[in-house]
Every structure is written in structure tokens, then in C-alpha cells.
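Encoded as C-alpha cells, the structure appears first; notes follow it.
FYI, the numbering just counts along the sequence from 1. Keep in mind that what you see is a predicted model, and the values were worked out from it rather than measured.
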Amino acid sequence: MKITMEWAWTALAHHLPFDPAVWDPSGIVAAVARHQNDLVLVADQPQPDTAWRAAALLHTLAVCPPLASPMNEFYAVAITRSYLNVAGAKTLPGTESLADLVEQAKTGAADVSAVAEEIRAHIEP
């Protein structure tokens, strides 16, 4: 399942109903575009899956914060959990686990593949 820009903006309005200022909407555009990407350029690299698509959202929002607010991390966690839920994940990573991944992405300690691996461990039996 892939999300759209409309879905991302709806998720923002749902999780942050007080209408935070979005000072860089390109951060949300980039997160959605990266999430939707299907291109695999390396032989034997796995196709994007639900965990990778969730990781792309989280990682991009962590490194390209769109909000003029300290709520960027919350939005990255909330949209990731929301996506996993609508994509049919049987279990969802906890908010604390996702918040740790946001911090790791922000500091460069985890790339999108590492974030996806951690998310995959939470959503797969």
C-alpha cells in the first residue's frame, strides 16, 4: 500500500489538529515520494515492502522536518504508525521505539535500511 499527499496532509490534521505551521512542505512531499518509490537499482536488493515504506516516511520526516514546531518528531512517529495500521500490520511498533528511530535518523546513526529492519522486527511474527 502506498499513501498519497492527501493522506499525509489528513494525517497531519488528525494528529496535530491545532494546525501547526508547515514551514517546509517539501519535507512532506519528499517523504511521500520516497515512500512511493519502487525503483531498485542494485541487483538482489529486496523490493520496497511495508516496513521499508514506513521507514522512508519516518527517516525523511526526521531529516527534513516540515513543521515550524517541536512536533516534527511526533508527526514522524504518528504518520509511521498510521501508515503501518492502514497497511495492515498485525502489530505496531511502540511510540517509544519509533521515537528512538527518529532520533537515530536525525543524528545519522540509522539510514532508511536500518530503520526498515527495526520496523520489520516489530511488525513481522
Side-chain angles (χ1 to χ4, degrees):
M1 180 190 158
K2 298 177 191 175
I3 64 162
T4 63
M5 282 300 302
E6 180 182 6
W7 187 91
W9 286 108
T10 300
L12 176 64
H14 174 77
H15 292 292
L16 298 168
F18 56 86
D19 194 25
V22 178
W23 58 269
D24 186 2
S26 67
I28 297 171
V29 173
V32 171
R34 191 177 188 195
H35 157 88
Q36 291 178 344
N37 182 51
D38 288 325
L39 187 61
V40 176
L41 297 174
V42 179
D44 300 324
Q45 182 177 349
Q47 292 288 326
D49 62 356
T50 299
W52 187 91
R53 292 185 193 286
L57 287 171
L58 183 143
H59 190 272
T60 306
L61 290 170
V63 299
C64 301
L67 307 178
S69 159
M71 297 302 289
N72 282 297
E73 292 84 0
F74 175 81
Y75 178 52
V77 168
I79 197 170
T80 301
R81 280 182 54 89
S82 293
Y83 167 70
L84 289 168
N85 186 47
V86 299
K90 292 181 178 155
T91 59
L92 298 177
T95 55
E96 290 179 11
S97 296
L98 291 174
D100 289 345
L101 290 174
V102 169
E103 190 60 33
Q104 291 173 29
K106 279 177 32 180
T107 63
D111 64 7
V112 70
S113 295
V115 173
E117 186 175 317
E118 185 66 29
I119 289 172
R120 200 172 288 111
H122 286 281
I123 66 171
E124 293 181 358

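No single ILVMFWY cluster, assembled from side-chain heavy atoms under 4.5 Å apart, contains both Val63 and Val112. A continuous path of Ile, Leu, Val, Met, Phe, Trp and Tyr side chains, each step under 4.5 Å between heavy atoms, connects Val22 with Met71, placing both in one hydrophobic cluster. Trp23 and Trp9 fall into different hydrophobic clusters, where Ile, Leu, Val, Met, Phe, Trp and Tyr residues are linked whenever their side-chain heavy atoms come under 4.5 Å apart, directly or through other members.
Thr4 approaches Gln36 most closely through the heavy-atom pair CA-NE2, 3.9 Å. The two residues Ala116 and Ala51 come nearest to each other via the heavy atoms O-CB, 3.7 Å.
When atom types are taken as modelled, the side chain of Glu73 and the backbone of Val102 share no donor-acceptor pair closer than 3.5 angstrom. Listed for the Thr107 side chain is a donor-acceptor partner under 3.5 Å among the backbone atoms of Gln104. Side-chain atoms of Tyr83 come within 3.5 Å of backbone atoms of Met1 as a donor-acceptor pair (strictly under, hydrogens ignored). At least one donor-acceptor pair under 3.5 Å links the side chain of His35 to the backbone N or O of Ile3. Proximity of a side-chain donor or acceptor of His15 to a complementary backbone N or O of Tyr75 within less than 3.5 Å is not detected.
Between the NZ atom in Lys106 and the CG atom in Asn72 there is a gap of 8.0 Å [rounded to 0.5 Å]. To the nearest 0.5 angstrom, Ile79 atom CD1 is 5.0 Å from Trp7 atom CH2. How far CG of Leu92 is from CD1 of Ile123: 8.5 Å, rounded to the nearest 0.5 Å.
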Given side-chain contact (heavy atoms from CB on, under 4.5 Å), test Leu16 with Leu67 step by step and report yes or no.
-> CA-CA 11 Å; Leu16 298 168; Leu67 307 178; 3.6 Å; yes

Could you walk me through whether Trp52 and Ile119 pass the side-chain contact (heavy atoms from CB on, under 4.5 Å) test, one step at a time?
-> CA-CA 8 Å; Trp52 187 91; Ile119 289 172; over 6 Å; no

Tell me, with the steps shown, if Leu58 and Leu101 meet side-chain contact (heavy atoms from CB on, under 4.5 Å).
-> CA-CA 8 Å; Leu58 183 143; Leu101 290 174; 4.1 Å; yes

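A salt bridge is absent between Glu117 and Arg120: the closest approach of a Lys/Arg side-chain nitrogen to an acidic carboxylate oxygen does not fall below 4.0 angstrom.
By the 4.5 Å heavy-atom criterion applied to side chains, Cys64 and Asp24 are not counted as neighbours. Between Arg53 and Arg34 the shortest side-chain heavy-atom distance does not fall below 4.5 Å. At least one side-chain heavy atom of His122 sits less than 4.5 Å from a side-chain heavy atom of Ser97. In this structure, Arg81 and Asn85 have side chains that are not in contact, with every pair of non-hydrogen atoms separated by 4.5 Å or more. Phe74 places none of its side-chain heavy atoms less than 4.5 Å from the side chain of Val77.
When each of Asp100, Leu84, Thr80 is checked for a side chain to side chain contact (heavy atoms under 4.5 Å, CB included) with Pro93, only Leu84 meets the rule.
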